Student: 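Right, I'll just put the structure down here and ask away after.
In what follows, residues are counted from 1 in the order of the sequence shown. This structure is a prediction, so every number in the text was calculated from the model and none was measured.
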Amino acid sequence: MSEKIVLLDKTSQERANEILPHVPEGMTFVHGVAEGTDYLKEIIRDADYAIAGQVAVTGEVLRAATKLRLLHKSGVGVDNIDIASARELGIMVARTPGSNAVPVAEFALGSAIAALRGLAYGNANLKNGEWRGPGKLPNKTFILTGKTVGIIGFGAIGQAFAKLLQGFGCTILYSQRSRLVPERERELKAAYASLDQILETADLISLNCPLTSETANLIDRAAFSKMKPSAVLVNVARGGIVVEKDLIWALENRIIAAAAVDVFEQEPLPADSPLLRPIDNLVLTPHIAAVAADTFAPTLQRIFRNIVSVAKGEAIAEGDRVV
């Protein structure tokens, strides 16, 4: 009997057809066509291997699996997976660190410029038949060149973003648990700083950190109050890092100039979310920073290689294993 791989996220048949050619020989592939805990419990029940993107994989779902050997995250952050339950049940968890670093970094750059220059506002109004040209924008707009950029979270994505910023002559500050070695700091032209230093001095603040107990609700009303009135916030990390009601307060009261947000406390973003009000200095995108056709196949192949390794009783790629 062939082993079974299940993609837990609800997936279109068109997307599934792009995945099928990469499925390891001798294995079967099934993808989600619905949502909800009961459905996930049903499709994971007889899976040997499971892949999760953005769907929440709770302990309840994991306990429904009868023979699951490996749960593989498609991406980096595993905050949507109950790691403690996986460990308790003896289910291996893996991810693909670094696989989306360049796409997310480029997206952060594009989002930053969109927020700095009012691109989304101009686009939306022009499509509604309104010419909001010079003198009719809601905020002052700013160039990125020469600005001070604070990067909170300086792993693969944060460092890729820093490399892109070098072409703009930015002063780059970064904050994370541990400081890089001096040689790496010089290579990236980045200086270590405290969170408060970044909040108080940066013109652009980019969130590139994982969601943990330390970073949950990190950017709240107190944090916004420390920022420059001309500051722009970009969040391509996780929604729970920013307190959304405080973000709305900061934008509507011009505590900061603008923000670009790709991730949310609840996803998909509910239709009645206050973030969807007409907030003219807010750019919203539906968690697509990591989506790029260029990296789709390499990431998928990496996941399937790890699955094959587990099937053969071999170690998976170094650094990919979480549990």
Student: Test salt bridge (Lys or Arg N to Asp or Glu O under 4.0 Å) on Asp280 and Arg254; report intermediate values, then the result.
Tutor: CA-CA 11 Å; Asp280 54 29; Arg254 296 308 196 259; 2.9 Å; yes

Student: For Ile143, is there any backbone N or O sitting under 3.5 Å from a side-chain donor or acceptor partner on Lys147?
Tutor: yes

Student: Could you state whether Val104 and Ile288 fall into the same hydrophobic cluster, counting links through intermediate Ile, Leu, Val, Met, Phe, Trp or Tyr residues with side-chain heavy atoms under 4.5 angstrom apart?
Tutor: yes

Student: Could you report the tightest heavy-atom contact between Ala311 and Met27, atom names first, then the distance?
Tutor: CB-CE, 3.8 Å

Student: Could you walk me through whether Val283 and Val261 pass side-chain contact (heavy atoms from CB on, under 4.5 Å), step by step?
Tutor: CA-CA 6 Å; Val283 179; Val261 179; over 6 Å; no

Student: Is any side-chain N of the basic residue among Glu252 and Arg277 closer than 4.0 Å to the acidic one's carboxylate O?
Tutor: yes

Student: Evaluate side-chain contact (heavy atoms from CB on, under 4.5 Å) for Leu199 paired with Phe224, printing each intermediate quantity in order.
Tutor: CA-CA 8 Å; Leu199 294 175; Phe224 284 118; over 6 Å; no

Student: Indicate if Ile157 and Val149 have the same hydrophobic cluster label, given that clusters are the connected sets of ILVMFWY residues with side-chain heavy-atom separations under 4.5 angstrom.
Tutor: yes

Student: Give, for atom CD of Glu42 and atom OG1 of Thr37, the distance between the pair rounded to the nearest 0.5 Å.
Tutor: 12.5 Å

Student: Indicate yes or no for a side-chain donor-acceptor contact from Tyr121 to the backbone of Arg132 under 3.5 Å, with no hydrogens or angles considered.
Tutor: no

Student: For the hydrophobic clusters of this structure (ILVMFWY residues joined by side-chain heavy atoms under 4.5 Å, transitively), does one cluster hold both Leu62 and Ile83?
Tutor: yes

Student: Charged N to carboxylate O under 4.0 angstrom, Lys312 versus Glu314?
Tutor: no

Student: Asn100 side chain to Gly75 main-chain N or O, any donor-acceptor pair under 3.5 Å?
Tutor: no

Student: Would you check if there is a donor-acceptor pair between the side chains of Ser206 and Asn208 at a distance under 3.5 Å?
Tutor: yes

Student: Distance alone, cut at 3.5 Å: any donor-acceptor contact between the side chains of Arg321 and Asn306?
Tutor: no

Student: Checking Glu185 against Tyr174: is there a side-chain donor and acceptor pair closer than 3.5 Å?
Tutor: yes

Student: Can you find a heavy atom in the side chain of Thr148 that is under 4.5 Å from one in the side chain of Leu204?
Tutor: no

Student: Would you call Lys228 and Glu200 a salt bridge, using N to O less than 4.0 angstrom?
Tutor: no

Student: Looking at Asn125, is its backbone amide N or carbonyl O close enough to the side chain of Glu130 to form a donor-acceptor pair, meaning the two atoms are under 3.5 Å apart?
Tutor: no

Student: Does a side-chain heavy-atom distance below 4.5 Å link Glu106 with Phe161?
Tutor: no

Student: Check whether any side-chain heavy atom of Leu71 lies under 4.5 Å from a side-chain heavy atom of Leu8, and answer yes or no.
Tutor: yes

Student: Is a side-chain N or O of Arg69 found less than 3.5 angstrom from the main chain of Val310, in a donor-acceptor match?
Tutor: yes

Student: Quick one: do Glu60 and Arg63 make a salt bridge, cutoff under 4.0 Å?
Tutor: no

Student: Does any non-hydrogen side-chain atom of Ile81 lie less than 4.5 Å from one of Lys73?
Tutor: yes

Student: Of all the heavy-atom pairs spanning Ile43 and Gly32, show the shortest one and how long it is.
Tutor: CD1-CA, 4.2 Å

Student: Only one of Leu251, Leu247, Leu284 clears side-chain contact (heavy atoms from CB on, under 4.5 Å) with Ile279; which?
Tutor: Leu251

Student: Following the transitive rule for hydrophobic clusters with a side-chain heavy-atom cut-off under 4.5 Å over Ile, Leu, Val, Met, Phe, Trp and Tyr, establish whether Val102 and Leu109 coincide in one cluster.
Tutor: no

Student: State, without any angle test, whether Glu3 and Tyr49 hold a side-chain donor-acceptor pair at a distance under 3.5 Å.
Tutor: yes

Student: Hey, does the side chain of Asn123 reach the backbone of Leu119 with a donor-acceptor pair shorter than 3.5 angstrom?
Tutor: no

Student: Atom CD in Glu244, atom CD in Glu265: separation rounded to 0.5 Å?
Tutor: 3.5 Å

Student: Nearest 0.5 angstrom please: Leu144 CG to Asp203 CG, how far?
Tutor: 9.0 Å

Student: Any chain of hydrophobic side-chain contacts (each under 4.5 Å) joining Ile51 to Val30?
Tutor: no

Student: Using a 3.5 Å distance criterion without hydrogens, assess whether the side chain of Thr212 forms a donor-acceptor pair with backbone atoms of Thr215.
Tutor: yes

Student: If you measure from CG on Asp82 to CG on Leu89, what distance do you get to the nearest 0.5 Å?
Tutor: 8.5 Å

Student: Are Ile44 and Val6 close enough, and set up right, to give a side-chain contact (heavy atoms from CB on, under 4.5 Å), and what steps lead you there?
Tutor: CA-CA 7 Å; Ile44 204 173; Val6 174; 5.8 Å; no

Student: So which atom in Val236 and which in Val263 form the shortest heavy-atom distance, rounded to 0.1 Å?
Tutor: C-CG2, 4.3 Å

Student: Can you name the nearest heavy-atom pair linking Thr11 to Asp9, along with the distance?
Tutor: OG1-O, 2.8 Å

Student: Restricting to non-hydrogen atoms, name the atom on Ser175 and the atom on Ala193 that form the minimum distance, rounded to 0.1 Å.
Tutor: CB-O, 3.5 Å

Student: Are any of the side-chain nitrogens in Arg45 or Asp38 under 4.0 Å away from the carboxylate oxygens of its partner?
Tutor: no

Student: Under 3.5 Å, side chain of Gln176 to main-chain N/O of Ser178, donor-acceptor pair present?
Tutor: yes

Student: Side chains of Asp262 and Thr285: any donor to acceptor distance under 3.5 Å?
Tutor: yes

Student: Within the distance-only criterion (no hydrogens, no angle test), does the side chain of Thr201 pair as donor or acceptor with the backbone N or O of Gln197 below 3.5 angstrom?
Tutor: yes

Student: Judged by atom type as modelled, is there a donor-acceptor pair below 3.5 Å linking the side chain of Asp246 to the main-chain atoms of Trp249?
Tutor: no

Student: Can you confirm whether Leu282 sits close enough to Ile248 that some side-chain heavy atom of one is under 4.5 Å from a side-chain heavy atom of the other?
Tutor: no

Student: Does any non-hydrogen side-chain atom of Lys4 lie less than 4.5 Å from one of Asp46?
Tutor: yes

Student: Indicate the atoms forming the closest heavy-atom contact of Ala86 with Val93, along with that distance.
Tutor: CB-CG2, 3.6 Å

Student: With side chains defined as the heavy atoms from C-beta onward, is the minimum distance between Ile255 and Met227 less than 4.5 Å?
Tutor: no

Student: Where does the angle between the aromatic ring planes of Phe296 and His22 fall among parallel (under 30°), tilted (30 to 60°) and perpendicular (over 60°)?
Tutor: perpendicular

Student: Answer yes when Arg95 and Asp320 have at least one side-chain N-carboxylate O distance shorter than 4.0 Å, and no when they do not.
Tutor: no

Student: Drop me the distance from Cys209's SG to Asn235's CG, to the nearest 0.5 angstrom.
Tutor: 7.5 Å

Student: So with a 6.0 Å cut-off around CD of Gln13, is the heavy-atom count from everything else above 12?
Tutor: yes

Student: Determine whether Leu173 and Ile151 make a side-chain contact, defined as any pair of heavy atoms from C-beta on separated by less than 4.5 Å.
Tutor: no

Student: For Ser99 and Arg302, what are the C-alpha separation, side-chain angles and deciding distance, and is it a side-chain contact (heavy atoms from CB on, under 4.5 Å)?
Tutor: CA-CA 9 Å; Ser99 61; Arg302 181 174 171 183; 3.8 Å; yes

Student: Nearest 0.5 Å please: distance from the CG atom of Asp220 over to the NZ atom of Lys245.
Tutor: 8.5 Å

